[in-house]
There are 2 protein chains.
Amino acid sequence: MTTPGEQMQADVLAILRRRNLALSAYKVLEELRDAHPKIAPPAVYRALSSLMSKGQAHRVETLKAYVACQCKEHARASILSICENCGAIEEHLAGEVLEAVSHVVAETGFSSQHHVIEVHGICAACNARMPAPEGGGGRRLSAIADPMPPKLEAVCCPLPTARRAAWRH
Amino acid sequence: MTTPGEQMQADVLAILRRRNLALSAYKVLEELRDAHPKIAPPAVYRALSSLMSKGQAHRVETLKAYVACQCKEHARASILSICENCGAIEEHLAGEVLEAVSHVVAETGFSSQHHVIEVHGICAACNARMPAPEGGGGRRLSAIADPMPPKLEAVCCPLPTARRAAWRH
DNA sequence: AGGGATATGTTATATTATAACATTACACAA
DNA sequence: TTGTGTAATGTTATAATATAACATATCCCT
Ligand SMILES: [Zn+2]
Ligand SMILES: [Zn+2]
Ligand SMILES: [Zn+2]
Ligand SMILES: [Zn+2]
């Protein structure tokens with residue numbers, strides 16, 4: 001027997017698993033309308049929350065979006081890589097990196113409970129599809145002209161709409 | 001001579017620097033009303049955006065909030081530690097951790113551009129103030145009874161209001 | 001001064017998330 | 001079986017976060 005809530009979680013998880021992209025809660029909600037015509041935001045957030053507490057889904061903090069867990073069994077925290085070009089998300093075992101991070105913050109007496117590690121860049125498929133322009137570190141967002149090229153970290157998240165890759169809603 | 005925009009950025013930075021907490025954009029906006037009575041959200045977000053692109057402020061992704069940079073000179077990415085008890089933020093040089101993370105994701109051909117590393121836990125001051133109950137890894141949120149104790153990662157961010165520390169708005 | 005680019009101001013709205021309360025389902029005792 | 005308390009789910013409304021779109025001002029260069 002499955003409670004309605006379990007059904008909802010299963011449906012949400014199925015939707016997340018159909019892609020390796022992260023979906024916003026409201027995108028999930030849209031897709032849920034097929035199976036649950038009268039669904040409202042709290043139901044989605046509750047399902048996501050349950051899935052996350054079971055380690056079956058993760059929130060991608062830098063995208064305000066959610067993704068299915070890709071690990072066989074999600075033991076502790078993992079590293080999420082986010083392709084700036086196609087939006088693909090990959091989950092990597094954090095392993096020793098976790099200890100390294102904890103060690104750094106422990107130098108000021110901080111005790112770690114929960115790690116969030118996300119990396120933006122270019123995925124293997126996109127790297128293969130179009131060669132890096134030069135300089136080696138992966139390519140820029142696209143062929144869009146760059147009148148005043150972004151510097152440092154500004155490359156990433158708060159990117160003006162016009163030069164934002166299409167997969168960002 | 002300072003343009004109005006530069007003044008705004010300076011004011012925002014001053015506000016962020018008054019605390020070692022992260023402030024939401026709208027909290028910043030409130031405090032800006034003293035100096036800029038007619039300010040609107042876009043001005044705040046523009047100022048924050050400029051500050052961030054110069055590395056003088058950072059967004060704390062897991063808190064949807066902003067904090068002044070604490071580094072002498074913010075070279076690349078850093079590790080932010082967030083105290084679950086008092087909300088204090090500390091910035092740590094990522095150093096070799098950055099390479100470690102890049103190395104992990106590089107195993108699938110991913111090339112890194114921008115790292116986000118945040119750690120939730122308990123800061124030195126809070127650890128000192130009240131002894132860990134047992135188990136060693138830093139203490140729980142407070143003396144609130146725990147009818148069905150949270151497990152795994154669920155300890156952190158999506159914490160129900162009632163048992164959320166006061167510094168979370 | 002004119003004209004184009006950039007920065008700033010203003011209004012409105014989009015997007016994300018949760019509070020608050022109503023209702024239902026279920027366990028267990030009376 | 002019928003009440004009674006508890007937890008899960010549904011529903012409504014609203015809070016909190018962020019950006020679009022366009023108007024106006026400022027600056028730089030000729
Ligand atoms: Zn996982
Ligand atoms: Zn890609
Ligand atoms: Zn910094
Ligand atoms: Zn603390």
Side-chain angles (χ1 to χ4, degrees), chain A residues 1-12 22-30 32-33 35-54 57 59-67 145-150 156-164 168-169, chain B residues 1-12 22-30 32-33 35-54 57 59-67 145-148 150 156-164 167-169:
Chain A
M1 190 215 76
T2 68
T3 72
E6 283 163 357
Q7 186 55 55
M8 186 73 74
Q9 288 174 41
D11 292 351
V12 168
L23 293 178
S24 78
Y26 279 76
K27 279 263 183 298
V28 172
L29 187 150
E30 270 179 42
L32 277 172
R33 282 207 205 284
H36 306 260
K38 332 201 72 172
I39 193 172
V44 180
Y45 282 102
R46 280 171 186 155
L48 287 170
S49 193
S50 300
L51 290 171
M52 287 192 290
S53 72
K54 290 187 276 194
R59 181 185 148 102
V60 186
E61 297 289 342
T62 45
L63 297 178
K64 306 189 234 312
Y66 304 83
V67 71
D146 225 356
M148 197 179 295
C156 184
C157 314
L159 214 51
T161 320
R163 59 170 69 161
R164 200 144 68 187
R168 304 221 199 202
H169 63 102
Chain B
M1 188 217 72
T2 67
T3 72
E6 283 163 357
Q7 186 57 54
M8 186 73 74
Q9 288 175 41
D11 292 350
V12 168
L23 292 179
S24 78
Y26 279 74
K27 277 265 184 296
V28 172
L29 186 149
E30 269 178 43
L32 277 171
R33 282 206 205 285
H36 306 260
K38 331 203 72 170
I39 193 173
V44 179
Y45 281 101
R46 280 170 186 151
L48 287 170
S49 192
S50 301
L51 290 172
M52 287 191 291
S53 73
K54 289 186 275 193
R59 182 186 148 100
V60 186
E61 297 289 342
T62 45
L63 298 178
K64 307 189 232 313
Y66 304 83
V67 72
D146 226 356
M148 197 178 294
C156 184
C157 314
L159 213 51
T161 321
R163 58 172 68 162
R164 201 144 68 188
W167 59 270
R168 305 220 198 200
H169 63 103

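Every chain is numbered from 1, with letters handed out A, B, ... down the list of sequences.
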Note to self: Reading DNA chain D from 5' onward, which residue's closest nucleotide shows up sooner: Gln9(A) or Lys64(A)?
What the structure shows: Gln9(A)
Item checked: Between P of dA15(D) and CG of Leu29(B), the distance in whole Å -> 17 Å
Check: So, for Ser53(A) and Ser50(A), which heavy atoms are closest and what is the spacing to 0.1 Å?
Finding: OG-O, 2.9 Å
Checklist line | Qualifying residues under side-chain contact (heavy atoms from CB on, under 4.5 Å), relative to Ala25(B), sequence neighbours excluded | finding: Val44(B), Tyr45(B), Leu48(B), Tyr66(B)
Note to self: Rounded to whole Å, how long is the line connecting atom CG of Leu32(B) with atom P of dG9(C)?
What the structure shows: 11 Å
Next item on the list: In whole angstrom, give the distance that lies between atom CD of Glu6(B) and atom P of dA7(C).
Entry: 11 Å
Margin query: Quick one, Gln9(A) with Lys54(A), criterion side-chain contact (heavy atoms from CB on, under 4.5 Å). Give me CA distance, side-chain angles, the key distance, then yes/no.
Written below: CA-CA 11 Å; Gln9(A) 288 174 41; Lys54(A) 290 187 276 194; 2.6 Å; yes
Item checked: Atom pair distance, as rounded to whole Å: CG in Leu23(B) and C1' in dA16(D) -> 15 Å
Notebook entry, point to check: Where is the tightest heavy-atom contact between Ala65(A) and Ala22(A), given as atom of each residue plus distance?
Noted result: CB-CB, 3.6 Å
Next item on the list: Calculate, to the nearest 0.5 Å, the distance between atoms CD and NZ belonging to Glu61(B) and Lys64(B) respectively.
Entry: 9.5 Å
Margin query: Both Ala65(A) and Tyr26(B) contact DNA chain C. Taking the nearest nucleotide for each, which residue is further toward the 5' end?
Written below: Tyr26(B)
Checklist line | Integer-rounded Å distance: dT6(C) C1' and Arg46(B) CZ | finding: 11 Å
Next item on the list: Apply side-chain contact (heavy atoms from CB on, under 4.5 Å) to the pair Val67(A) and Leu23(A), showing each step before the final yes or no.
Entry: CA-CA 6 Å; Val67(A) 71; Leu23(A) 293 178; over 6 Å; no
Margin query: Is Ser24(A) close enough to dT16(C) that one of its side-chain N or O atoms is under 4.0 Å from OP1 or OP2 there?
Written below: yes
Checklist line | Whole angstrom value for the distance that separates C1' of dT17(D) from CD of Glu61(B) | finding: 12 Å
Check: Which of residues 36-44 of chain A have a heavy atom under 4.0 Å from DNA chain D?
Finding: Lys38(A), Ala40(A), Pro42(A)
Next item on the list: Check for a donor-acceptor pair, side chain of Arg33(B) on one end and backbone N or O of Ile39(B) on the other, with a separation under 3.5 Å.
Entry: yes
Next item on the list: Specify the separation, in whole Å, of atom CE of Met8(A) and atom P of dA25(C).
Entry: 14 Å
Check: With centres under 5.5 Å and planes under 30° as the test, does Tyr45(A) stack with dT18(C)?
Finding: no
Checklist line | Length of the NZ-P vector between Lys27(B) and dT17(D), whole Å | finding: 8 Å
